[in-house]
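First the structure, in the form of structure tokens, and then the observations on it.
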Amino acid sequence: MFTQISRQLLDWYQIHARNLPWRKEESAPYAVLVSEIMLQQTRVETVIPYYQRWMERFPTLESLAQASLEEVLRYWEGLGYYSRAKNLHRTAQILVQTYRGEFPQHVEHLRKLPGIGDYTAAAIASIAFGQKVAAIDGNVRRVLSRLFLISEPLSLPETQKKLKSLAVQCLPAEQVGDYNQALMDLGALICLPRSPKCLQCPLSVLCRAYQNNQQNDIPVKAKKKSLPSVIVTAAIIRKGDTVLLAKRPLGSLLGGLWEFPGGKVEHDERLPECLKREILEELGVRIEVGNHFGTYHHAYTHFKVTLHAFEAIIQDSQIPHPIEAEEIRWIPIPSLDKFPMGKIDRLIARELVERKDGHGKFMV
DNA sequence: GACACGTGGTC
DNA sequence: TGACCAAGTGT
């Protein structure tokens, strides 16, 4: 049974493997590292253009290790989960400094590097170094839970153990990297979360879920909670051709990215009052709130936000200070695109550039 | 073990 | 519109 699975899968992969940029380069460890980190919780189609730009700018471990975090984040902007970029940058520096630029080949060592967990360690070890280890991601969980008709919720630790044990037993003696990628490609192309294409599946004869017509009921997943909503305000404070930006603290949401300063509306608070309070708390200066600039909606993983942006001026030539921010800076509007930002702030920045000849109340 | 951590696409 | 999903990791 186990031997049949890996044989069928490897045969299928020979014909149907996706032609992905990081599979062209003889699986150089650095290419595998970069692609695997980018692919965490992120679709292949999203990753491809980012991967290509990244490899042009940071073609080697050394080039990445030497780059500034600021530039690294700028290249990562839009991919989300920005701690991945910080960890990847840090990992490159560790590999250069303490491993002399050589990748460790075993999971236990890879696992210790920042941003590399169980899945990624196994993926690198198997794809780049041919180690016989199981790389278990969301695709693999789905494929194996159907193949072996695992009816218990995937969230349970017991189920995870069972899955891991089965995954290890399925491993072929050779071509483990191809086998792991085959399993993931099967999950991405055939064994889809909804409406799996069982008629095209090389494993359908062996699949217990399909044989019992339960492929649509498995895997069993826990329900997700609905997302809370918050309302926030942000200030567009100009001085000449520049605008005031704050760098978010590392380790927080969008950590290390730049934003228009502001914060959450408290219960029953009016928007201008919120903004005045937030700017006083964050920058230590009193402002006058001017024109409404725009309203933006965005959904993060664990909450939804509505952001109201206003133009504002600082009273009496007071000097703002970074009280809660990592750093603050007056940025020339044409240079805004050099600073890494999250989705909403990038939208505001772009509108600012486009509206540079607009007629805001406080335009200089 | 639960929760924080982004974004874009789909139904 | 809203819920769910997509190659997980760190705390």
Side-chain angles (χ1 to χ4, degrees), chain A residues 17-18 20-23 31-51 73 76-88 90-91 110-124 126-127 134-144 153-161 167 177 179-189 191-196 219 221-230 248-257 259 296-306 340-347:
Chain A
R18 287 177 291 178
L20 304 171
W22 46 90
R23 288 181 179 168
V32 177
L33 170 68
V34 171
S35 62
E36 289 301 338
I37 301 292
M38 285 187 172
L39 286 161
Q40 289 169 5
Q41 298 286 281
T42 310
R43 287 188 161 78
V44 164
E45 314 83 72
T46 305
V47 165
I48 289 173
Y50 280 90
Y51 175 83
L73 284 171
W76 198 272
E77 182 184 312
L79 269 181
Y81 287 134
Y82 296 92
S83 63
R84 291 185 294 172
K86 285 164 252 172
N87 287 333
L88 177 54
R90 185 80 196 100
T91 281
L110 290 163
R111 184 68 182 74
K112 291 192 171 73
L113 294 163
I116 297 182
D118 289 338
Y119 162 74
T120 306
I124 296 171
S126 62
I127 297 169
I136 304 173
D137 73 334
N139 285 311
V140 176
R141 288 194 188 88
R142 185 171 61 255
V143 172
L144 295 184
L154 278 190
S155 54
L156 300 177
E158 293 287 320
T159 317
Q160 295 295 331
K161 264 191 189 172
Y179 165 80
N180 279 336
Q181 295 184 86
L183 213 43
M184 292 188 273
D185 275 20
L186 189 78
L189 300 172
C191 196
L192 303 171
R194 280 170 302 201
S195 314
K221 302 187 113 177
K223 278 189 182 171
K224 294 191 179 163
K225 302 170 191 167
S226 61
L227 304 181
S229 303
V230 297
R248 296 179 58 87
L250 282 125
S252 67
L253 179 76
L254 305 173
L257 303 192
E259 68 172 2
Y296 306 85
H297 299 276
H298 190 65
Y300 296 99
T301 316
H302 50 295
F303 67 96
K304 288 179 285 191
V305 63
T306 300
M341 297 178 193
K343 186 70 194 311
I344 296 181
D345 293 281
R346 180 58 69 201
L347 265 176

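Values below: all heavy atoms of this structure, side chains included; hydrogens, waters and symmetry mates excluded. Predicted, not measured: the structure shown is a model, and the values here were computed from it. In the text below, chain A, chain B and the rest are named by the order of the sequence lines, each starting its count at 1.
Computed from coordinates, the A:Q160 CD to C:dG8 P distance equals 12 Å when rounded to whole Å. One atom, OH of A:Y81, and another, P of C:dT9, lie 12 Å apart when rounded to the nearest Å. To the nearest angstrom, C1' of B:dG6 lies 15 Å from CG of A:L39. Atom CD in A:E45 sits about 10 Å away from atom P in C:dA7, given to the nearest Å. Computed from coordinates, the A:I48 CD1 to B:dG9 C1' distance equals 15 Å when rounded to whole Å. Spacing between atom CG of A:L192 and atom P of B:dC11 amounts to 11 Å, rounded to whole angstrom units. Look at CG on A:D137: it is 10 Å from P on C:dT9, rounded to the nearest Å. Rounded to whole Å, atom C1' of B:dC5 lies 14 Å from atom CG of A:L79.
Listed nucleotides: B:dC11, B:dG6, C:dA7. Nearest to the side chain of A:T42: B:dG6. Considering only side-chain atoms of A:R194, the nucleotide from B:dC11, B:dC5, C:dG10 that sits closest is B:dC11. Side chain of A:R23, nearest nucleotide from B:dG6, C:dA7, C:dG10: C:dA7. Nearest nucleotide to the side chain of A:R43, out of B:dG8, C:dA7, C:dT9: B:dG8. With B:dG6, C:dG10, B:dG9 as the candidates, the nucleotide lying closest to the side chain of A:Y300 is B:dG6. Among the nucleotides C:dA7, C:dG10, B:dG6, the one closest to the side chain of A:N87 is C:dG10. Closest to the side chain of A:K343, from the set C:dT9, B:dG8, B:dC5, is B:dG8. Closest to the side chain of A:Y82, out of B:dC11, B:dG6, B:dG1, is B:dG6.
Between the side chain of A:T301 and the base of B:dG6 there is at least one donor-acceptor pair of N/O atoms closer than 3.5 Å.
Where A:L254 and A:L156 meet DNA chain B, the nucleotide closest to each residue was compared, and A:L156 sits on the side nearer the 5' end. Of the two residues near DNA chain C, A:L227 and A:P114, the one whose nearest nucleotide lies more 5' is A:L227.
Base contact: A:L20 has a heavy atom under 4.0 Å from a base atom. In this structure, A:A123 reaches neither bases nor backbone, as no heavy-atom distance under 4.0 Å exists between it and the strands shown. As judged by a 4.0 angstrom heavy-atom cut-off over every strand, A:V44 is placed among the base-contacting residues. Residue-level contact check: A:G255 touches neither bases nor backbone, having no heavy atom under 4.0 Å from any strand.
From A:I124, atom CD1 reaches atom OH of A:Y119 across 9.0 Å, with rounding to the nearest 0.5 Å.
Between A:Q41 and C:dG8, a side-chain N or O to OP1/OP2 separation shorter than 4.0 Å is present. Taking 4.0 angstrom as the limit, A:H302 places none of its side-chain polar atoms (N or O) nearer than this to OP1 or OP2 of B:dC3. Residue A:H298 places at least one side-chain N or O closer than 4.0 Å to OP1 or OP2 of B:dT7. Between A:T120 and C:dT9, a side-chain N or O to OP1/OP2 separation shorter than 4.0 Å is present. Phosphate proximity of C:dA7 to A:R18: absent, as no side-chain N or O sits under 4.0 Å from OP1 or OP2.
When the P atom is used for both B:dA4 and C:dA7, the distance is 23 Å, rounded to whole Å. For B:dC3 and C:dC4, the P atoms lie 15 Å apart once the distance is rounded to whole Å.
For the pair A:H297 and A:K304, the minimum side-chain heavy-atom distance is 4.5 Å or more.
Residues A:H302 and A:Y300 place their aromatic rings such that the two centres sit no closer than 6.0 Å.
Under the 3.5 Å distance criterion, with hydrogens and angles disregarded, a donor-acceptor pair is assigned to the side chains of A:R23 and A:Q181. A side-chain N or O of A:N139 and one of A:R142 form a donor-acceptor pair less than 3.5 Å apart.
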message: side chain to side chain contact (heavy atoms under 4.5 Å, CB included), that's the test. Do A:Y51 and A:L39 meet it? Break it down for me.
response: CA-CA 10 Å; A:Y51 175 83; A:L39 286 161; over 6 Å; no
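By the neighbour-count criterion of 12 heavy atoms within 6.0 Å, atom CD of A:E158 is sparsely surrounded, having that number or fewer from other residues, nucleotides or ligands.
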